Structure formats: C-alpha cells, structure tokens
2 protein chains.
Amino acid sequence: MSLRIALLGLLAASGPASGYDLTKKFETSLAYVWQAGHSQIYPELAKMAADGLVSVEAEGTRGRKTYTITPEGEAELHQWMVERDPVVPLRSESALQAFMVPLLEPDEAIAVLERMRAGSQARLAQLEALRETKTAAARLAEAEGRHPDAFGRYALDLGIRHARTAVEWASDSIADIRRRT
Amino acid sequence: MSLRIALLGLLAASGPASGYDLTKKFETSLAYVWQAGHSQIYPELAKMAADGLVSVEAEGTRGRKTYTITPEGEAELHQWMVERDPVVPLRSESALQAFMVPLLEPDEAIAVLERMRAGSQARLAQLEALRETKTAAARLAEAEGRHPDAFGRYALDLGIRHARTAVEWASDSIADIRRRT
DNA sequence: GTTGGCATGTAACCGGTTACATGATTTT
DNA sequence: AAAATCATGTAACCGGTTACATGCCAAC
C-alpha cells in the first residue's frame, strides 16, 4: 500500500513522470523515508494504471511511458494522508542491537555503542547537508518570485532530530557504562 | 537473520524456554524493537536446532519443547553483536506521511500532525510506564542482593528519547505551519 | 564502435502476516 | 461440562530484494 502512496505523492508533488524518473526520485528525495527499486516500481505503476489511479499520458522514445496522477489517484492519496493513523512499526535492527548491548562485556559494549554513535553522526551530517542545499534552493526560488518546494521539509527535520537524538543517546549510554564499571 | 538473533538473545538473557514462552517474550519485553508471531517462531526454532544453534533440552507435557542456546548459538550471537554495523533502515510509514504533509491544506496538515503528536505522546507515556516498572524491579533486586536485569535498558531509553523527539517535532511543525499562514 | 546512461521489464527467493487447524490441560 | 489457556504446527499470500534479461540512443 505504502509504495502506491509514495508514488502518488511524487506524481502529485512533481507532476508527470516515468517509472525511471520515479525510481531516481526515490533515490534522491525520498530515500530516507521510503525505498523502492525499479523492479518494484514498474509492476506497481502498471497495477495502479489498471486501477485507474494513474494514467499513461504519453509514450516517448525508448518505450518511455509518462504517468500522470488521475483524480481518483489524488482522492486515494488525500484519503490516506488524512485518515491513516500513524503507526510506529518498530522493527529496527539497530534497536535490537541496542536491546542486547547489556549481554556484552563493558569494553565490547562501548565499542558497539561507539560505532552506533559514529553511524548516527554521519547520518546527521548527511541530512544536515541535504537541508542546506534545500534551504539555499528555497531562498533562490523566493528571490525569483517562485514559491519554494516545501515537499519533504518536515520529514527532513524529523530525520535530523532523530539522528541527533541517537547521537546523544549513544554518548550518554557509553558514559553510563563507564560509570558502572 | 534478525529473528534468529532476537531468539538467541532471549535464550541467552533469560535461559531455556519453549517456542510458546519466546512468543510471549516477544510481546512483552521485545515488542518495541522487534515483533514476531508464533507462526514465524516455531519453524525458525526448528531450523536453528538443525543448524546447531539451539538444542531441545527437554520435552514436557502437551508436546512442550524447551530450547537452550548452544555454544555455537552463543558464538553466532556474539559475532552479530560485535561485527554487525548498525544499519538505519528507514522505511517508515509515519515518515512518509510527514514527508507529504506539505501537500495538504494548512488546516488538514495541522490535523494530521496533531494526530501524530498524540500518537507519539501515548507511546512516550507507555514506554515511561514500562521503565517505571523496570526500575522498581531493579531496586527490589538490588535490595535483595540479586543483580538486576539490565537486558533492554538502553533500547528502552532510546525508544523514550525518540518518542519525546517526535512529540517535540510535531508541536514545532504545527507552530511552523501556523506561522506561515 | 564501444562505453555509458536511458528505459523497461521478469523471476526466484526470502521474511513476515493472516488464517487455518488441532489437541491437551486447567479453571470455573 | 464449558471456557480459557497452553502449546504446536502448516499454508496461502504479500511486499520487498537480488539477479537476470533486453534493447535504444548519445557521446566519445
């Protein structure tokens, strides 16, 4: 279901696109909230077209098909956004690892937490860099009178806050283990 | 793979248990980091026994089989804990919803964010209650000279911090939308 | 003419969910 | 005697990953 919604969202926000375009948008703009490869996207677009949520607007060279969101698709997206109550899934490998950290000897536990800290720190830097480029683009757009693209803004902020939280957690946990030994 | 690790972790931390016991431990102690139902657990235990990671210690009434972790199982768990570098998976339905919030009209966006805030708040309360009962049990254990069960402590802390972060994010995002309109 | 990017698809497999199915023991 | 809980399993299905497979077009 969520793959459908993500595809509808991309089409709604950025206009008509091909499967190929959408695959790249997953890599660039949507990567930190949802992932999907072309092998999943092409069949899903076909199914969505059969269900009337998107339509093939044009067929270009190299068999390129440009999909557009239909009114039915917009309705589906809107309904999902408004009615779906947010589920926290929580099946996280890192959290599982964190859970079992107390099984390790203190020095090993610290090493694991140190690696987690570094990973979250890297992620934080990456997301902050992404926000930098986005705000720069937004300022430019505003200066030129275009209205800036806010799509993804809040999710990016959430990602940054989560990464920052994870860094602090790892540091504090390391300190906690040191204190106890 | 992770299901195996979770099962090995539970057996290592709490001693021999049956598939039924482990299913309940998933519901109670592990639920907020990893989920698994009995239909997944029973076949996995059988495979793990075939691979020598666990062994059937005893067969009780009603066909109950008690599994124990073997030295091979302990080695596998230890290796995973120490070598696995933490992957942030990021395929989150809530994050996807957050991503697309800017597609909505301000009042709808606020309503969605308000629901998210309430959800995270509820989750926060639940995790904090869980921590309360855990620290109470730990104090009791310490008073009686037993060493308290630290298994899951850091993951619970991480979960609480994440929930708190999500609440703040939702509040700030609502304020941001109000400011812009 | 060869490399690289564009562009689309299929198939095998794996992990996880839901539903089906059975029966023993304990509690009321 | 009936209901609840203990206890184990299988099967169909679904979403996602990896690998396989094909071919066009542009640039060097």
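Protein chains get the first letters and strands the later ones, always in sequence-line order, with residue 1 at the start of each. The structure displayed is predicted, hence computed values, not measured ones. Just so you know, these numbers use all the heavy atoms, side chains as well, and skip hydrogens, waters and symmetry mates.
In this model, no donor atom of one side chain and acceptor atom of the other lie less than 3.5 Å apart for B:D176 and B:S173.
For B:Y20 and D:dT8, the shortest distance from a side-chain N or O to OP1 or OP2 is not below 4.0 Å. Between A:Q40 and the phosphate of D:dT17, there is a side-chain N or O to OP1/OP2 separation shorter than 4.0 Å. Residue B:R91 has no polar side-chain atom (N or O) positioned under 4.0 Å from OP1 or OP2 of C:dG15. Considering only side-chain N and O atoms, B:K24 lies nowhere under 4.0 angstrom from the phosphate OP1 or OP2 of D:dT5. Residue B:Y42 places at least one side-chain N or O closer than 4.0 Å to OP1 or OP2 of D:dT8.
Remark: P of C:dG16 and CD of B:E93 are 17 Å apart, rounded to the nearest angstrom. Note: CD (B:Q35) to P (C:dT17) measures 7 Å, nearest angstrom. Distance, B:K65 NZ to C:dA24 P: 16 Å, rounded to whole Å. A:E59 has its CD atom 13 Å from the P atom of C:dA7, to the nearest Å. Rounded to whole angstrom, the span from the CD atom of A:E44 across to the P atom of C:dG9 amounts to 13 Å. Distance A:R64 CZ to C:dG5 P: 17 Å, rounded to the nearest Å. With rounding to whole Å, B:E27 atom CD is found 14 Å from D:dA7 atom C1'. D:dT8 atom C1' lies 12 Å from atom CD1 of B:I41, rounded to whole Å.
Side chain of B:W169 to main chain of A:Y154: a donor-acceptor pair is present (N/O by atom type, distance under 3.5 Å, no hydrogens or angles). Checking side-chain atoms of B:R115 against main-chain N and O of A:V82 turns up a donor-acceptor pair under 3.5 Å. A donor-acceptor contact shorter than 3.5 Å is absent between the side chain of A:D51 and the backbone of A:L53. Panel note: side chain B:T135, backbone B:E132; a donor-acceptor pair is recorded below 3.5 Å. Formation of a donor-acceptor pair under 3.5 Å by the A:S18 side chain with backbone atoms of A:K65 is not found in this model.
In this structure, B:G37 reaches neither bases nor backbone, as no heavy-atom distance under 4.0 Å exists between it and the strands shown.
Minimum atom distance to the side chain of A:S39 is reached by D:dT17, of the listed D:dT17, C:dT8, D:dT8. Listed candidates were D:dG16, D:dT8, C:dG16. Nearest to the side chain of A:W34 is D:dG16.
Between the CD1 atom of B:I160 and the OG1 atom of A:T165 there is a distance of 13.0 Å, given to the nearest 0.5 Å.
Sequence order on DNA chain D of the closest nucleotides to B:P43 and A:S2 puts B:P43 first from the 5' end.
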Do any N or O atoms of the protein come closer than 3.5 Å to N or O atoms of nucleotides 20-22 of chain D, and which pairs are they?
none

